[in-house]
Amino acid sequence: MKNYKITLIKGDGIGPEIIDEAVKVLDAVSSCCGFNLTYDEALMGGIAYDITGDPLPQETITKSLNSDAVLFGAIGGEKWDALPREKRPESGLLRFRKELGVYANLRPAVVYDELINASSLKPEIIKGVDIMVVRELIGGIYFGEPKGRTADKGWNTMVYTREEIVRIAHQAFRIAQKREKRVCSIDKANVLDVSQLWRDVVTEVSAEYPDVELTHMYVDNAAMQLVLNPKQFDVMLTGNIFGDILSDEASMLCGSIGLLPSASVGEKIGVYEPIHGSAPDIAGQGIANPIATIASASMMLRYALGEIEAADKIDYAIKKVLSEGYRTGDLAQFDAKEVCSTSEIGSIIANYIQR
Ligand SMILES: NC(=O)c1ccc[n+]([C@@H]2O[C@H](COP(=O)([O-])OP(=O)(O)OC[C@H]3O[C@@H](n4cnc5c(N)ncnc54)[C@H](O)[C@@H]3O)[C@@H](O)[C@H]2O)c1
Ligand SMILES: CC(C)[C@H](C(=O)O)[C@@H](O)C(=O)O
Ligand SMILES: [Mg+2]
């Protein structure tokens with residue numbers, strides 16, 4: 001029987017609660033599909049800082065690089081907000097992504113028919129929305145030098161090199177070839193030099209993909225177009241910060257940020273993580289929506305392990321459970337037949353798979 005090694009990073013806030021549900025579902029699907037998963041936990045974020053003094057212990061990097069994939073919950077919280085930047089949970093996550101070289105963050109935003117009433121937008125605007133945000137993840141303003149602050153001044157630098165833009169653009173075009181063959185590249189080329197380079201390089205790379213239509217859009221307009229007419233988008237190619245913001249916005253087309261998964265991939269091991277954070281406001285209450293993490297586990301099976309049947313089973317079970325009206329609190333107002341806790345909805349999805 002095939003055996004895969006998965007590094008589990010639960011992190012802070014709701015991280016442990018949502019990862020536990022993803023593991024429940026993974027265990028159900030692996031026993032149905034005839035493979036085995038071995039989990040090894042590793043620390044990151046505030047909890048790692050509290051235990052080791054470092055938000056990203058070396059052991060976490062080593063374990064992750066020696067596994068087949070990483071399933072990640074979320075990090076951060078007010079408790080650690082006053083720490084110096086390099087000790088903060090968020091710095092641990094950024095360093096982790098850089099160490100693993102996961103330059104492409106794939107964030108699908110798909111509107112489920114079952115949740116068509118969960119968006120504040122009209123059903124006719126969102127029905128059928130299926131967007132893939134391809135977000136550059138280890139460059140841009142998050143990493144550029146110089147950065148720093150004094151009492152009276154704070155500064156960061158948005159930098160992209162040609163090489164960084166080329167590799168993320170190839171990802172976007174290759175993904176588009178398997179979809180509707182449309183890439184909309186998002187930038188702020190009317191103002192930023194770095195965006196002018198971005199636009200030129202994306203255009204150059206597009207010459208290798210004559211079957212894919214390329215358009216460009218300024219990020220401010222893109223934020224507006226996403227709620228005006230989201231179906232115009234197939235693949236949205238973005239830099240680091242623009243993709244961070246637009247994917248949170250896109251989650252509200254779908255109904256809740258608790259639904260959106262992601263895959264962070266590059267040359268080495270991939271990291272599979274919900275797009276949301278540690279949600280300190282609801283942590284420990286058993287009400288977080290674990291579906292984003294369960295769907296991230298499905299992306300892990302599909303992309304990292306090639307267990308397509310198992311991934312399909314999870315995706316189908318999520319849809320089925322939503323169609324039967326099971327909802328966590330974030331979606332309780334929308335055609336709910338039964339409002340469930342985090343653990344209940346995880347069990348219902350796992351049981352559905354085992355039926
Ligand atoms: N990848 C990550 O680990 C990650 C991502 C984003 C934010 N963060 C960190 O998380 C902390 C909180 O940040 P924030 O509040 O801006 O963003 P957040 O995504 O944690 O929460 C935003 C809002 O969405 C809700 N929400 C998020 N996930 C949910 C879920 N699964 N089910 C139901 N509701 C959910 C929260 O309750 C909150 O009201 C910060 O420290 C931030 O830096 C971490
Ligand atoms: C916590 C933060 C560093 C992170 C990001 O901005 O990438 C988060 O918002 C995300 O979307 O994963
Ligand atoms: Mg974010």
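Note that ligands are numbered from 1 as they come in the structure, with each ligand's atoms numbered from 1 the same way. Quick note: numbers below take in every heavy atom, side chains included, and nothing from hydrogens, waters or symmetry partners.
Residue contacts with ligand 2: Glu90 is placed with no nitrogen or oxygen under 3.5 Å of a nitrogen or oxygen of the ligand (distance criterion only). At under 3.5 Å, not a single nitrogen or oxygen of Asp81, backbone or side chain, sits near a nitrogen or oxygen of ligand 1. Residue Ile75 has at least one nitrogen or oxygen atom sitting less than 3.5 Å from a nitrogen or oxygen atom of ligand 1, judged on distance alone. Distances between N or O atoms of Arg107 and those of ligand 2 include at least one value under 3.5 Å. Considering both main-chain and side-chain atoms, Asp244 comes within under 3.5 Å of ligand 2 through a nitrogen or oxygen pair. For ligand 1, the polar-atom distance check finds an N/O of Ala279 within less than 3.5 Å of one of the ligand's N/O atoms.
The shortest separation from a heavy atom of Trp80 to ligand 1 is not under 4.0 Å, leaving the residue out of contact.
Protein heavy atom in closest approach to atom 6 (O) of ligand 2: Tyr142 OH, 2.6 Å. Here the heavy atom of the protein found nearest to atom 3 (C) of ligand 2 is Leu94 CD2, 3.8 Å. Atom 4 (C) of ligand 2 has Arg97 NH1, 4.0 Å as its closest protein atom, hydrogens excluded (heavy atom only).
Under 2.8 Å from the Mg ion (ligand 3) lies no N/O/S atom of Asp248, from backbone or side chain alike.
Judged by a 6.0 Å distance limit and a 45° cone about the ring axis, Arg135 is not positioned over the six-membered ring of Phe242.
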